[in-house]
Amino acid sequence: MRYLTAGETHGPQLTAIIEGMPSNVSIDFEAVNQQLARRQKGHGRGRRMLIEQDTANIVGGVRHGQTTGAPIALEVINKDFKSWTAIMSVEPIEDGEAKRRVHRPRPGHADLTGGIKYNQKDLRNILERSSARETTMRVAVGAIARQLLAEFGIKLACQVIRIGDVVAGREAMPIDQLIEITEESPVRVTDKEAEAAMISAIDAAKSAGDTLGGIVEVIVEGVPAGLGSHVQWDRKLDGRIAQAVVSIQAFKGVEFGLGFEMAQRPGSKVHDPILYTEERGYHRASNNAGGFEGGMTNGEPIIVRGVMKPISTLYKPLPSVDIDTKEPFTAQVERSDTCAVPAAAVIMENVIAWEVAQAFMEKFGGDSLEEIRSNYEQYLNHVEGY
Ligand SMILES: Cc1cc2nc3c(=O)[nH]c(=O)nc-3n(C[C@H](O)[C@H](O)[C@H](O)COP(=O)(O)O)c2cc1C
């Protein structure tokens, strides 16, 4: 399976095409929109998220509520486009050059390097596409992928672990309970004390014209052992998930299970002992590996964390240089979020849903849901008898 996205943040719409989804998967349209709504929430977002109420139109590959095996085409209309029709016009316009032209690149953004690389003197041609508005389509694509995963009992959840210097406490709980609690939290945590402290920290950063980053965690449950492969570098699923996570705008690092803490512990306090019972088959005494060994899922839940840098657009801008005059200037301010960490957790969850679904299709292949199910059941029998 593969997908591509297209569209600009203030353009008429965002588009995605998914190729390789099997036929006969029932598509719950409301579930796609629910994922889009989750992406728009979270304390610290800017005014743009009040303008947009994203809904996805499926314009190919689904008929009478089921996939047909044809490419699935999705579009999300940008409501804000009506204020940008001339500036974002596809056709040439008379004073198009001058209108809202961006010539003061923002530190931490793609603006300057993209301008140099694509030889654009209006940096809007860079920022319109580098913007995290693009993640709307990655969430829509993930929302389709997870409907395939749900057929096989695979579930995903996310939570915020840290915003600025506030760290949320975490307790072990069933995934459904984690989903229920975090859905109600404006910062996607289960720890109420940390929730209040995070909200205050975001408000303080906003008043100071500053921004905050953080750490988010995604959990995937119900994944069988054997997705991904140790035999080739680009088939290692942990590696592919890491690439997908760091490809999310503003994500700068990723870890699995114990992650960076592994560096401080001896091996005896890191590796997960192997156990076997008739009832559970092979399983582990702990899950420090975060569900991966040798680039393959080992049957334990996948646990991935990603770190998001603070938003780069500051209302008290950092020094920059005007590309017209080469004079120092404070960077141009575009409307912006103070903290998008809770939304980023939802994006990471859906991006990982796609990677797991893709690996699932590689393992169990097939053009229809029935064919995949039969391959899957045969494999489960093999695992049970091994
Ligand atoms: C959900 C989300 C919302 C974001 N909102 C903004 C924003 O409002 N303003 C901004 O400057 N950057 C925002 N970013 C981050 C930028 O898109 C990102 O930093 C930029 O494209 C440069 O890419 P890089 O940080 O990956 O190097 C957001 C990122 C995410 C994931």
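One-based numbering, in listed order, for ligands and for the atoms of each. Nothing here was measured: the structure is a model prediction, and the numbers come from that model.
- For atom 29 (C) of ligand 1, the candidate residues are Ala345, Ala132, Pro310; the nearest heavy-atom contact is made by Ala132.
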May I have the step-by-step check of side chain to side chain contact (heavy atoms under 4.5 Å, CB included) for Gln249 and Lys309, ending in yes or no? CA-CA 9 Å; Gln249 287 80 343; Lys309 74 183 189 186; over 6 Å; no
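- Using a 4.5 Å heavy-atom threshold, the side chains of Cys339 and Ile163 count as touching.
- Residue Ile87 forms a side-chain contact (heavy atoms from CB on, under 4.5 Å) with just one option from Arg101, Arg124, His10, and that option is Arg124.
- For ligand 1, one of its N or O atoms has an N or O atom of Ala250 under 3.5 Å away.
- Taking every heavy atom of Lys309 and a limit of under 4.0 angstrom, the matching atoms of ligand 1 come to 19 (O), 24 (P), 25 (O), 27 (O).
- Taking all heavy atoms of Leu314, Thr313, Val246, Val139 into account, the minimum distance to atom 11 (O) of ligand 1 is reached by Thr313.
- Near Ser336, with a cut-off below 4.0 Å to any heavy atom, the atoms of ligand 1 are 7 (C), 8 (O), 9 (N), 10 (C), 11 (O).
- Considering CE of Met262 and CZ of Phe256, their distance stands at 10.0 Å, rounded to 0.5 Å.
- Residue contact check: Ser312 has heavy atoms under 4.0 Å from atoms 11 (O), 19 (O) of ligand 1.
- Counting the atoms of ligand 1 from 1 in the order shown, those under 4.0 Å from a heavy atom of Ile347 are 1 (C).
- An N or O contact shorter than 3.5 Å is missing between Ser131 and ligand 1 by distance.
- Ligand 1 places these atoms under 4.0 Å from at least one heavy atom of Ser130: 17 (O), 21 (O).
- The residues Asp54 and Arg133 are annotated as salt-bridged, a charged nitrogen and a carboxylate oxygen being separated by less than 4.0 angstrom.
- Contacts between Thr135 and ligand 1 below 4.0 angstrom, taking non-hydrogen atoms only, are absent altogether.
- A 4.5 Å side-chain heavy-atom check between Leu156 and Ile352 finds at least one atom pair inside the cut-off.
- Using modelled atom types, one finds no donor on one side chain facing an acceptor on the other under 3.5 Å when comparing Thr9 with Glu128.
- Set against the non-hydrogen atoms of Met308, the atoms of ligand 1 under 4.0 Å away are 29 (C), 30 (C), 31 (C).
- Contacts between Lys252 and ligand 1, counted as non-hydrogen atom pairs separated by less than 4.0 Å, involve the side chain only.
- A donor-acceptor pair shorter than 3.5 Å can be found between the side chains of Arg106 and Thr313.
- With ligand atoms numbered from 1 in the order given, ligand 1 contributes 1 (C), 2 (C), 3 (C) to contacts under 4.0 Å with heavy atoms of Ala340.
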Test ring pair (Phe, Tyr, Trp, His ring centres under 6.0 Å) on Phe152 and Phe364; report intermediate values, then the result.
CA-CA 11 Å; Phe152 299 92; Phe364 301 112; 7.3 Å; no
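- When heavy-atom distances to ligand 1 are checked against a 4.0 Å cut-off, Ile311 comes that close only through its side chain, counted from C-beta outward.
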